[in-house]
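Labels below follow one simple rule: chain letters A, B, ... track the order of the sequence lines, proteins then strands, and each chain is numbered from 1. Note that these values count all heavy atoms, side chains included, but never hydrogens, waters or copies made by symmetry.
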There are 2 protein chains.
Amino acid sequence: MSFRRALAPYIQHPETKIKSDLVFYDDKVTIIRDAFPKSRVHYLILPRDPSITRQSPLTVFDGEKGARLKAHLAPYVTMAKRLVICEMYNSVWGEAIQQTYPPEDDPQCKRYENYGEAFHSLVDEEHLDEYVLAGFHAVPSLENLHIHVLTGDFTSDRLKNRKHYNSFNTPFFINFEDLPFSPARLEAARRNGIDYQNAKAMEQIVKTTDLRCIHCGENFRGHFAQLMPHLRDEYDKRFTDAT
Amino acid sequence: MSFRRALAPYIQHPETKIKSDLVFYDDKVTIIRDAFPKSRVHYLILPRDPSITRQSPLTVFDGEKGARLKAHLAPYVTMAKRLVICEMYNSVWGEAIQQTYPPEDDPQCKRYENYGEAFHSLVDEEHLDEYVLAGFHAVPSLENLHIHVLTGDFTSDRLKNRKHYNSFNTPFFINFEDLPFSPARLEAARRNGIDYQNAKAMEQIVKTTDLRCIHCGENFRGHFAQLMPHLRDEYDKRFTDAT
DNA sequence: TATTCCGATAGTGAC
DNA sequence: GTCACTATCGGAATGAG
Ligand SMILES: Nc1ncnc2c1ncn2[C@@H]1O[C@H](COP(=O)(O)O)[C@@H](O)[C@H]1O
Ligand SMILES: Nc1ncnc2c1ncn2[C@@H]1O[C@H](COP(=O)(O)O)[C@@H](O)[C@H]1O
Ligand SMILES: [Zn+2]
Ligand SMILES: [Zn+2]
């Protein structure tokens, strides 16, 4: 089987998969941990419907059918983001507070809003909601439609090259919320030199765009090996030193 | 002592240098074998006059004084080219004819024109005169003025990267005959995107110009490792297989 | 722009 | 300029009965 179908088993037979990889599944989606996480927490949401799993993220939300699909998926995106925030919360403040999230009796974060002041004040203070990304790669390599949901630290040792970083921090990354792209939106992007219809060109963006720290804007150009420790510093400054 | 002055001993004390490096010297010039030859035969002509050895090839032939200098050097360039042709001749056809050039009683090739029909017919047939280059690097790294005189095969194992090759096969290489550059010539070059006054820009040319076989025009882009065996094939096709 | 391996290319500092 | 070191870049294979 080609590497491009590596995610297929997760939508076909999620029940057979290892529990540690599997975050959640029902008849509509499977949510897994990315096997090569590019940040501290990195999930993939896989819609299971065979009729949409081979479609492009650029067109799958077009039309009325697409709008319904987006509406159906939105709650899963919300759930995944909440779970990612919880994992982040646990790893940063978990030890101090003797409590892990989500609570055992709410594995899908349905009562997320009621996790209490202690939880939400820290989440709000650190803007964790904006710290979590949810979206698609403009040109996916794995063919089963998947939404990346991940933290914005990019300090994972699986993040190994410029393409990895830029695939989440350039227009190559398309926020779930921004889809579908209207013709006007596509035309505006094209005027900006970004042609979403041109896969080769989108790949060039990821390969050639300067490495720029998303936190402070510092430009590391092609120096990936220098960006990595800097991103760890940024993370420590924000979540380790401060606490 | 800085590496930039590596050639200085050859003009200051040529008599102390190893005989195998030293091709010729008198009170005006020293001619040596390049210590890192970029072709099968590669000489350097070093004018010994201390008042010109630090000058730039781009300006040293300017004015009346420069014209006189060029006229004084021209015979040495001719000699060096003849000696290079002789070495080339020996290595290609020497074994067959039981004779090496220059003859022992003419080490400076003064009677070159009289080397006979056998010699000159082969030299002419193979256009060896055009095969030998004589000129300067636009931005030399070693500070004592030196003229490169070398064969056009570029098959040496000292030729190790793109800059080496391009430094002899782009406008970075300036033929002795073409100097001095008139203001009009400089302006024409500038219109062609080549600014000889801008050292950084000239270095970029050498670093970024596509690797193109000078014999057949094939473009190897950045693939130095593929150009090398091709140049050996070109050499064999012209000088080994044919004979 | 899947990962992994590997080799070629490119940038740096010292001399 | 060379040399040694490191990092970046670039292609090929990846499965299978
Ligand atoms: N076998 C696998 N299981 C889970 N995730 C994977 C696997 N192979 C690759 N991935 C991840 O899937 C994502 C696919 O990327 P893309 O197709 O560019 O959206 C990447 O983030 C990979 O790390
Ligand atoms: N110590 C040396 N003795 C003789 N030739 C040298 C020495 N060091 C470098 N070279 C050659 O001198 C030339 C200087 O190149 P450039 O300054 O670019 O014209 C190159 O071809 C080198 O191979
Ligand atoms: Zn930063
Ligand atoms: Zn060729």
Side-chain angles (χ1 to χ4, degrees), chain A residues 1-10 32 34-38 42 44 46 56-58 135-146 148 156-174 194-196 198-211 220-229, chain B residues 1-8 10 32 34-38 42 44 46 136-137 139-144 146 148 156-168 172 203-204 206-208 210-211 220-229:
Chain A
M1 185 171 60
S2 162
F3 71 87
R4 277 174 229 287
R5 285 185 272 284
L7 302 178
Y10 289 100
I32 62 171
D34 191 297
F36 306 91
K38 305 309 188 291
H42 187 173
L44 300 177
L46 313 171
S56 159
L58 287 166
F136 297 91
H137 283 169
V139 184
S141 290
L142 303 194
E143 68 183 20
N144 295 281
L145 188 69
H146 52 279
H148 294 269
S156 164
D157 61 1
R158 298 297 202 166
L159 191 87
K160 294 182 173 178
N161 54 52
R162 187 200 294 221
K163 291 185 305 192
H164 287 160
Y165 184 77
N166 281 346
S167 73
F168 294 101
N169 297 294
T170 65
F172 188 89
F173 188 76
I174 305 171
I194 296 150
D195 184 357
Y196 283 102
N198 182 342
K200 285 272 180 292
M202 294 309 294
E203 289 164 2
Q204 281 304 109
I205 287 175
V206 159
K207 202 158 59 172
T208 64
T209 300
D210 279 359
L211 291 164
F220 291 81
R221 299 208 280 267
H223 301 281
F224 180 82
Q226 291 168 239
L227 171 65
M228 284 302 95
Chain B
M1 184 171 60
S2 162
F3 72 87
R4 279 179 244 288
R5 286 186 268 286
L7 301 180
Y10 290 98
I32 61 172
D34 192 297
F36 306 91
K38 304 310 188 293
H42 187 173
L44 301 176
L46 312 171
F136 297 91
H137 283 167
V139 184
S141 291
L142 304 193
E143 68 182 19
N144 295 283
H146 52 279
H148 294 269
S156 165
D157 60 2
R158 299 298 203 163
L159 191 88
K160 293 184 173 177
N161 56 52
R162 187 200 293 222
K163 291 191 317 190
H164 287 160
Y165 184 76
N166 281 346
S167 73
F168 294 101
F172 189 87
E203 284 163 3
Q204 278 305 107
V206 158
K207 204 159 55 174
T208 64
D210 279 359
L211 291 164
F220 290 81
R221 299 205 284 263
H223 301 283
F224 180 83
Q226 290 169 239
L227 171 65
M228 283 302 96

Rounded to whole angstroms, how far apart are [atom1] on [X] and [atom2] on [N]?
| X | N | atom1 | atom2 | result |
| --- | --- | --- | --- | --- |
| Glu203(B) | dA10(C) | CD | P | 16 Å |
| Met228(B) | dA8(C) | CE | P | 13 Å |
| Phe220(A) | dG11(C) | CZ | C1' | 17 Å |

Any heavy-atom pair between the side chains of [Y] and [X] that's under 4.5 Å?
| X | Y | answer |
| --- | --- | --- |
| Glu143(B) | Arg5(B) | yes |
| Ile32(B) | Leu7(B) | yes |
| Leu145(A) | Phe136(A) | yes |
| Phe173(A) | Asn166(A) | no |
| His137(A) | Phe168(A) | yes |
| His146(B) | Tyr10(B) | no |

Could you list the protein-to-nucleotides 2-4 of chain C atom pairs, N/O on both sides, closer than 3.5 Å?
residue: dT3(C); atom: OP1; partner: Lys38(A); partner atom: NZ; Å: 2.9
residue: dT3(C); atom: OP1; partner: His164(A); partner atom: NE2; Å: 3.4
residue: dT3(C); atom: OP2; partner: His164(A); partner atom: NE2; Å: 2.8
residue: dT4(C); atom: OP2; partner: Lys160(A); partner atom: NZ; Å: 3.1

Just how far is it from atom [atom1] of [X] to atom [atom2] of [Y], taken to the nearest 0.5 Å?
| X | Y | atom1 | atom2 | answer |
| --- | --- | --- | --- | --- |
| Arg4(A) | Ser2(A) | CZ | OG | 5.5 Å |
| Asn198(A) | Gln204(A) | CG | CD | 9.5 Å |
| His223(B) | Met228(B) | NE2 | CE | 13.5 Å |
| Phe224(A) | Asn161(A) | CZ | CG | 6.0 Å |
| Lys38(B) | His148(B) | NZ | NE2 | 8.0 Å |

Hey, what are the protein-to-nucleotides 7-12 of chain D N/O distances that come in under 3.5 Å?
residue: dT8(D); atom: OP1; partner: Phe224(A); partner atom: N; Å: 2.9
residue: dT8(D); atom: OP1; partner: Ala225(A); partner atom: N; Å: 2.6
residue: dC9(D); atom: OP1; partner: Arg162(A); partner atom: NH2; Å: 2.6

In which stems does DNA chain C show up, taking only runs of three or more Watson-Crick or G-U wobble pairs whose two distances fall under 3.5 Å?
-> C:2-15 with D:1-14
What distance, rounded to whole Å, do you find between the two C1' atoms, one in dG17(D) and one in dT4(C)?
-> 26 Å
Is there any protein nitrogen or oxygen under 3.5 Å from a nitrogen or oxygen in nucleotides 15-17 of chain D, and what are the pairs?
residue: dG15(D); atom: O3'; partner: Met1(A); partner atom: N; Å: 3.1

Could you tell me which residues satisfy side chain to side chain contact (heavy atoms under 4.5 Å, CB included) with Met202(A), sequence neighbours excluded, listed by chain and number?
-> Ala138(A), Val139(A), Phe172(A), Ile194(A), Tyr196(A), Ile205(A)
Set of side chain to side chain contact (heavy atoms under 4.5 Å, CB included) partners for Phe220(A), sequence neighbours left out | Leu211(A), Cys213(A), Glu218(A), Gln226(A), Leu227(A), His230(A)
